Novice: 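Attaching a single structure in structure tokens format; questions to follow.
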Amino acid sequence: MRLPDGRRLGYAEYGDPNGRPLFWFHGFPDSRFEASFSHEAALARGIRVLSWDRPGYGISDFAKGRQILDWPDDVAAAADALGIDRFAVVGLSGGCPYASACAYKIPDRLTGVAIVSGLGPTDVKESIRHYNRATRWGFPWYGRLPLLARIGMWWVSLGRFRAEQNFDRLIKRLPPADRAILNRPGVKERGIQTFKEAFRQGSRGSAHDLVLYARPWGFRPEDVSTKVHLWHGEADTIVPVGMGRYEAGAFRDCHSTFVSDAGHFMVVDLIGDILDRLFAPTSA
């Protein structure tokens, strides 16, 4: 679709086309295809999933100088264009800051907010300290020297040319729970598809995301007044569970679920439960 400023915003739809709307914000670096595994569960529950490419990913135009707090404006404009008044949002992993931004900036448009395996603020010591030393050192430099993020994500983007082999290497480094999920028939293929699509236009979108993750969001989780439903796996090696615990304590009103022995990709198994709670009558 075209936004009011002329930019294109790409999306994919899953579930029931006439159902209750849910806006899906993908992880990092991923694309609109990430939500494909939600189709059956959403269809069975009468939920319409609209999964959005952030600027510079997939088929969404890059937006120079964008900030995390610009995203709710794009989302609201997209909802208006589709004739959708209110909707739920879910942020998976790197989509967490964007779901949180919507909860902060456009709470009156939301019927529910879900954070799954969510990345928290990296400029907050209590949040970032759960990462290893190299990651704790790297994040501040991405924020100060965006060129490092551009070089890093350009290198990551090259992985799309040998996506299957690189995906296999990733799986081997993950905990047993994640390996079991990603090795299932169909899951690996969907993961490869969404990763390759993320870099359809190159790496500018993901590099810009990395810079934004490394800087203050423009608000704090403590500033979010609407209720947030949060899930995090205790065996997550991509976003440590300590970051999820920080977020659970920082949001003013948070219903948190920490899943023992679950990893970063537990959403594949829990999508039905997540949708049930998000659309329960008392979820908003």
Side-chain angles (χ1 to χ4, degrees), residues 1-28 30-35 38 42 47-116 118-119 121 205 208-209 212-213 215-230 251-254 274-275 278-279 283-284:
M1 66 167 56
R2 288 281 179 182
L3 294 172
D5 64 4
R7 285 182 295 119
R8 295 174 301 172
L9 195 66
Y11 67 102
E13 289 200 44
Y14 303 99
D16 182 351
N18 299 309
R20 296 167 290 175
L22 168 65
F23 284 17
W24 186 289
F25 306 149
H26 63 74
F28 169 82
D30 276 310
S31 68
R32 66 194 183 281
F33 295 147
E34 179 187 82
S38 72
I47 295 169
R48 179 189 184 189
V49 178
L50 298 103
S51 182
W52 303 89
D53 283 331
R54 287 193 292 278
Y57 289 86
I59 54 176
S60 288
D61 290 337
F62 182 75
K64 185 178 181 180
R66 75 174 174 92
Q67 301 297 317
I68 288 174
L69 277 176
D70 293 330
W71 181 244
D73 297 329
D74 286 355
V75 168
D80 290 343
L82 292 168
I84 297 173
D85 181 29
R86 303 187 73 221
F87 48 91
V89 297
V90 57
L92 179 63
S93 188
C96 166
Y98 295 96
S100 300
C102 289
Y104 169 72
K105 194 171 183 180
I106 54 170
D108 293 343
R109 300 292 300 265
L110 306 185
T111 60
V113 180
I115 300 294
V116 186
L119 178 72
H208 195 75
D209 249 359
L212 295 182
Y213 294 149
R215 293 175 175 175
W217 294 356
F219 67 100
R220 295 292 191 200
E222 293 89 342
D223 300 327
V224 174
S225 58
T226 193
K227 185 171 186 176
V228 174
H229 299 273
L230 180 148
F251 287 119
R252 295 186 199 177
D253 185 0
C254 185
I274 292 168
L275 295 178
L278 192 55
F279 284 91
S283 65

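Quick caveat: nothing in here was measured; it's all calculated off a predicted structure. Counting begins at 1 with the first residue of the sequence.
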Novice: Would you mind checking if Arg8 and Asp61 are paired as a salt bridge, meaning a charged N to carboxylate O distance below 4.0 Å?
Specialist: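 Answer for the salt bridge query: yes.
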
Novice: Is Trp52 close to Phe23 at the side-chain level, that is, under 4.5 Å between some pair of heavy atoms?
Specialist: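 With C-beta onward as the side chain, the pair touches.
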
Novice: Shortest non-hydrogen contact from Leu119 to Cys96?
Specialist: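 Minimum heavy-atom contact is O-SG, 3.2 Å.
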
Novice: Between Tyr57 and Asp209, is there a side-chain donor-acceptor contact under 3.5 Å, judged purely by atom types and distance?
Specialist: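 Yes - a donor-acceptor pair under 3.5 Å links their side chains.
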
Novice: Identify the heavy atoms of Leu82 and Tyr11 that sit nearest to each other, and give their distance.
Specialist: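 Residues Leu82 and Tyr11, closest heavy atoms: CD2-OH, 3.7 Å.
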
Novice: Run the salt-bridge test on Arg109 and Asp80 with the 4.0 Å N-O cut-off and return the result as yes or no.
Specialist: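 Here Arg109 pairs with Asp80 in a salt bridge, since their nearest N and O are under 4.0 Å apart.
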
Novice: Any side-chain heavy atom of Ser100 sitting closer than 4.5 Å to one from Trp217?
Specialist: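 Counting from C-beta outward, Ser100 and Trp217 do come under 4.5 Å.
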
Novice: Are side-chain heavy atoms of Thr226 and Asp253 found at a separation under 4.5 Å?
Specialist: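 Thr226 vs Asp253: side chains apart.
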
Novice: What I want to find out is whether Asp74 reaches Arg7 closely enough, with some N-O distance under 4.0 Å, to be called a salt bridge.
Specialist: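 Counted as a salt bridge, because a side-chain N and a carboxylate O are separated by less than 4.0 Å.
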
Novice: Does the side chain of Pro55 reach to within under 4.5 Å of the side chain of Trp71, using non-hydrogen atoms?
Specialist: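 Pro55 reaches Trp71 side chain to side chain.
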
Novice: Kindly indicate whether the side chain of His26, heavy atoms from C-beta on, has any atom under 4.5 Å from the side chain of Leu92.
Specialist: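 No, every pair of side-chain atoms sits at 4.5 Å or beyond.
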
Novice: Please determine whether a side-chain nitrogen of the Lys or Arg among Arg48 and Glu13 lies less than 4.0 Å from a carboxylate oxygen of the Asp or Glu.
Specialist: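 Yes, this pair counts.
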
Novice: How long is the straight-line distance from CG of Leu50 back to CH2 of Trp24, given to the nearest 0.5 Å?
Specialist: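 Answer for the CH2-CG pair, Trp24 versus Leu50, is 12.5 Å.
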
Novice: For the residue pair Val75 and Phe25, establish whether any side-chain heavy-atom pair is separated by less than 4.5 Å.
Specialist: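 Yes, close enough: below the 4.5 Å cut-off.
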
Novice: Does any non-hydrogen side-chain atom of Leu275 lie less than 4.5 Å from one of Val90?
Specialist: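 No - every pair of side-chain heavy atoms lies 4.5 Å or more apart.
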
Novice: What are the two closest non-hydrogen atoms of Tyr14 and Ser51, and how far apart are they?
Specialist: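 Shortest heavy-atom separation between Tyr14 and Ser51 comes out as CE1-CB, 4.4 Å.
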
Novice: For a quick test of reading the model, state the closest non-hydrogen atom pair linking Ala78 to Leu3 and the distance between them.
Specialist: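 Closest heavy-atom pair between Ala78 and Leu3: N-CD2, 4.3 Å.
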
Novice: Inspect the contact between Lys105 and Asp73 and indicate whether a charged nitrogen and a carboxylate oxygen are less than 4.0 angstrom apart.
Specialist: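 A salt bridge is present here (some side-chain N lies under 4.0 Å from a carboxylate O).
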
Novice: Considering all heavy atoms of both residues, which atom of Pro97 and which atom of Ile68 are nearest to each other, and what is their separation?
Specialist: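 Heavy atoms of Pro97 and Ile68 come nearest at O-CG2, 3.7 Å.
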
Novice: Could you report the tightest heavy-atom contact between Thr111 and Ala88, atom names first, then the distance?
Specialist: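 Closest pair (atom of Thr111, atom of Ala88, distance): OG1-N, 3.2 Å.
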
Novice: Flag the pair Val89 / Tyr98 as yes when at least one side-chain heavy-atom distance between them is below 4.5 Å, and no otherwise.
Specialist: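 Answer no - side chains too far apart.
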
